[in-house]
There are 2 protein chains.
Amino acid sequence: MVETSVDCVIFGFQHEKLKVLLIKRNNEPSKGLMALPGDFLDKSISIYGSAENTLKKITDLDNIFLEQIQAFGSVDRYPGKRVITISYYALINIENYSPRAGYTAEKLVWCDIDKLPELAFDHQKIIESAHKKLKRRVRYEPIGFNLLPKEFSLTNLQQVYEAILQVELNKRNFRTKLNQMKLLINTGNKQKNVAHKPAILYKFDENMYKHLKEGGFFFKL
Amino acid sequence: MVETSVDCVIFGFQHEKLKVLLIKRNNEPSKGLMALPGDFLDKSISIYGSAENTLKKITDLDNIFLEQIQAFGSVDRYPGKRVITISYYALINIENYSPRAGYTAEKLVWCDIDKLPELAFDHQKIIESAHKKLKRRVRYEPIGFNLLPKEFSLTNLQQVYEAILQVELNKRNFRTKLNQMKLLINTGNKQKNVAHKPAILYKFDENMYKHLKEGGFFFKL
DNA sequence: TCAAAAGTGTTCGATCTACACCCATGG
DNA sequence: CCATGGGTGTAGATCGAACACTTTTGA
């Protein structure tokens, strides 16, 4: 019989870096190694629901961006028995995150996407797939916002894109493009206590997004 | 316990239309309905391998383009028991296709992507996902060639793209773009017995593709 | 000689890129 | 009044859409 698990690549953004939330394994196999949070699939729960539950259990967050990456199913990916896994990735605002009781900082770690430790099973490969998928998705769906607080500056947003895509973007052109899309609302608020011109804070315009989407609109970069 | 199946969306191109290969179900549940070819996952076979086997069994083809779409895992997608499915899509050259012995034309049918019959389980949804994925993939990876014979005209290729993307493309610009990419080799052959200027036949340049890919090249439309 | 589809030249406007510059704030 | 990062104007290059035109074949 083939067993099925569901694993989550939870992305966050902090200190201008793209991060992944990893958990230290309590049990064999691979006890003590870092791994993706996840669980075996329960007969009475959908695969999406299983990913949601894992997220809730670990980060205490509901209603967050969650999308399937793909299934991984080599015969030998898991030692001792046949286990395939279905992987999801999530985008969360790291400010809203507080680990559930019972998860110490030693157990639950935000790692830089480009400085990952040794990982259990094929989780390295899964994270690479997640990152690749995110890189593509972020260019034609406005999902980068999910990594930021409700209110953010244009520079914040640009840094998110630079961290995900691992390229430098031109400030002028990035702003022009975002302006044209009309997906941002000026909140009227500004940065405080900064030793330079304070940035205007924006929020994402959900309604405009829905409206544009119906019209077959195409977000680009 | 959760069971796992692997299903294949097999795409072909004929009469300027994008087609999907469907099979009439022999057994309950949904006996007599059209469905995607597939099988339950065997413990000793990888999920990719399972998709390959299905393809071989039905079309007698090896070595064809095959990519995972995603897993479908609603609790109630399959009647009577819990079955999740992992779906793949394949691109084949319909000219090379001949159904394996035992599969009559009544049983195995190429259907227009926009004229699908009633389908078993959630297979309609799976085909829609496959088409959506194909639409995206085809724009930044040169995979459309897989639907054509070894040698093809530029008009053939344009029709493939138009059938997949369901848009009309401008002849002049399509050709200019393809020319710039240098992915086509002029075979020196031409169409025969056509009542108009015969088209030059090209083939896909595998080596150039690998070379360009290493250099971080980006196929676009 | 005609119809049909292959294949090419060229214009115009939109978009992208790059660089230079001004602005508001804390120290 | 200076350093710092926020925010804008604009010229030039590149790209894509559209249209008109020539070419080669079978009937």
Side-chain angles (χ1 to χ4, degrees), chain A residues 13 15-17 138-140 142 144 148-149 151-163 165-203 212 215-221, chain B residues 13 15-17 138-140 142 148-149 151-163 165-203 212 216-221:
Chain A
F13 176 73
H15 308 311
E16 304 181 23
K17 294 274 190 183
V138 93
R139 283 187 173 271
Y140 51 84
L148 290 172
E151 302 196 357
F152 51 85
S153 71
L154 292 176
T155 301
N156 290 155
L157 190 59
Q158 182 173 343
Q159 285 167 347
V160 164
Y161 277 84
E162 289 180 337
L165 298 171
Q166 299 175 310
V167 292
E168 291 207 347
L169 299 173
N170 179 285
K171 181 172 66 162
R172 186 69 184 93
N173 303 334
F174 182 81
R175 282 157 187 250
T176 305
K177 221 176 256 179
L178 259 119
N179 229 331
Q180 287 164 350
M181 293 193 238
K182 308 208 178 298
L183 282 170
L184 297 181
I185 299 170
N186 183 332
T187 63
N189 300 330
K190 293 185 179 189
Q191 281 182 324
K192 276 169 191 157
N193 304 315
V194 287
H196 55 76
K197 180 171 172 177
I200 295 169
L201 299 178
Y202 294 86
K203 60 181 180 184
L212 290 172
F217 145 86
F218 207 69
F219 179 87
K220 218 169 148 232
L221 179 70
Chain B
F13 176 72
H15 307 314
E16 305 180 25
K17 294 276 190 180
V138 92
R139 282 187 174 271
Y140 51 83
L148 290 172
E151 303 196 355
F152 51 84
S153 71
L154 292 176
T155 300
N156 290 155
L157 190 59
Q158 182 173 341
Q159 285 168 346
V160 163
Y161 278 84
E162 289 180 337
L165 298 171
Q166 299 176 309
V167 293
E168 290 206 350
L169 299 173
N170 179 285
K171 182 172 65 162
R172 186 69 186 94
N173 302 333
F174 182 81
R175 282 155 188 252
T176 306
K177 220 176 257 178
L178 259 121
N179 230 333
Q180 286 165 350
M181 294 192 235
K182 306 207 180 300
L183 281 170
L184 297 182
I185 300 171
N186 184 332
T187 63
N189 300 330
K190 294 185 178 187
Q191 281 181 323
K192 276 169 191 158
N193 303 315
V194 287
H196 55 76
K197 178 169 174 177
I200 296 170
L201 298 179
Y202 294 86
K203 60 182 179 183
L212 290 172
F217 146 86
F218 206 70
F219 179 87
K220 218 170 147 234
L221 179 72

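Quick note on labels: first sequence line is chain A, next is B, and so on, each numbered from 1. Just so it is clear, the values below take in all heavy atoms, side chains as well, and ignore hydrogens, waters and symmetry mates.
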Within 6.0 angstrom of N186(B) CG, more than 12 heavy atoms from elsewhere = yes

ask   = With distance as the sole criterion, is a donor-acceptor pair present between the side chains of S153(A) and N156(A) under 3.5 Å?
value = yes

query = Looking for any heavy atom pair under 4.0 Å, which part of the strands does T155(A) touch: base, sugar-phosphate only, or nothing?
reply = sugar-phosphate

message = For a quick test of reading the model: is some side-chain N or O of R175(B) closer than 4.0 Å to OP1 or OP2 of dG7(C)?
response = yes

message = Taking atom types as they are modelled, would you say the side chain of R172(A) forms a donor-acceptor pair with the base of dG7(D) within the 3.5 Å cutoff?
response = no

ask   = Rounded to whole angstroms, how far apart are CG on L178(B) and P on dG16(D)?
value = 12 Å

key: Among dA6(C), dG5(D), dG26(C), the one nearest H196(B) by side-chain distance   = dA6(C)

Distance, rounded to the nearest Å, where N173(A) contributes CG and dA11(D) contributes P = 16 Å

query = If you look at every strand shown and take non-hydrogen atoms under 4.0 Å, does T176(A) touch a base, only sugar-phosphate, or nothing?
reply = nothing

ask   = F174(A) has an atom CZ; how far is it from atom C1' of dA18(C), in whole Å?
value = 17 Å

inquiry  = Given the structure, check if the side chain of K171(B) and the base of dG7(C) hold any donor-acceptor pair shorter than 3.5 Å.
reply    = yes

query = What integer distance in Å separates E168(B):CD from dC19(D):P?
reply = 13 Å

query = For the side chain of K197(B), counting heavy atoms from C-beta on, which of dG7(D), dA24(C), dA6(C) is nearest?
reply = dA6(C)

message = When you measure from the side chain of E16(A) to the backbone of Q159(A), do you find a donor-acceptor pair of N or O atoms at a distance under 3.5 Å?
response = no

query = Can you find a donor-acceptor pair, distance only, under 3.5 Å between N170(B) side chain and dA17(D) base?
reply = no

request  = Check the distance between dG5(D)'s P and E16(A)'s CD and give it to me in whole angstrom.
outcome  = 10 Å

note = On DNA chain C, more 5' by nearest nucleotide between K190(A) and Q180(A) is Q180(A)

ask   = Nearest-Å distance, CZ (F152(B)) to P (dG7(C))?
value = 12 Å

query = Where do F13(A) and L148(A) come nearest, in terms of heavy atoms and distance?
reply = CD2-CD2, 4.1 Å

query = What integer distance in Å separates L154(A):CG from dC23(C):C1'?
reply = 16 Å

key: Gap separating the CD atom of Q158(B) from the CG atom of N170(B), nearest 0.5 angstrom   = 7.5 Å

ask   = Whole-Å distance between dA6(C) C1' and N179(B) CG?
value = 14 Å

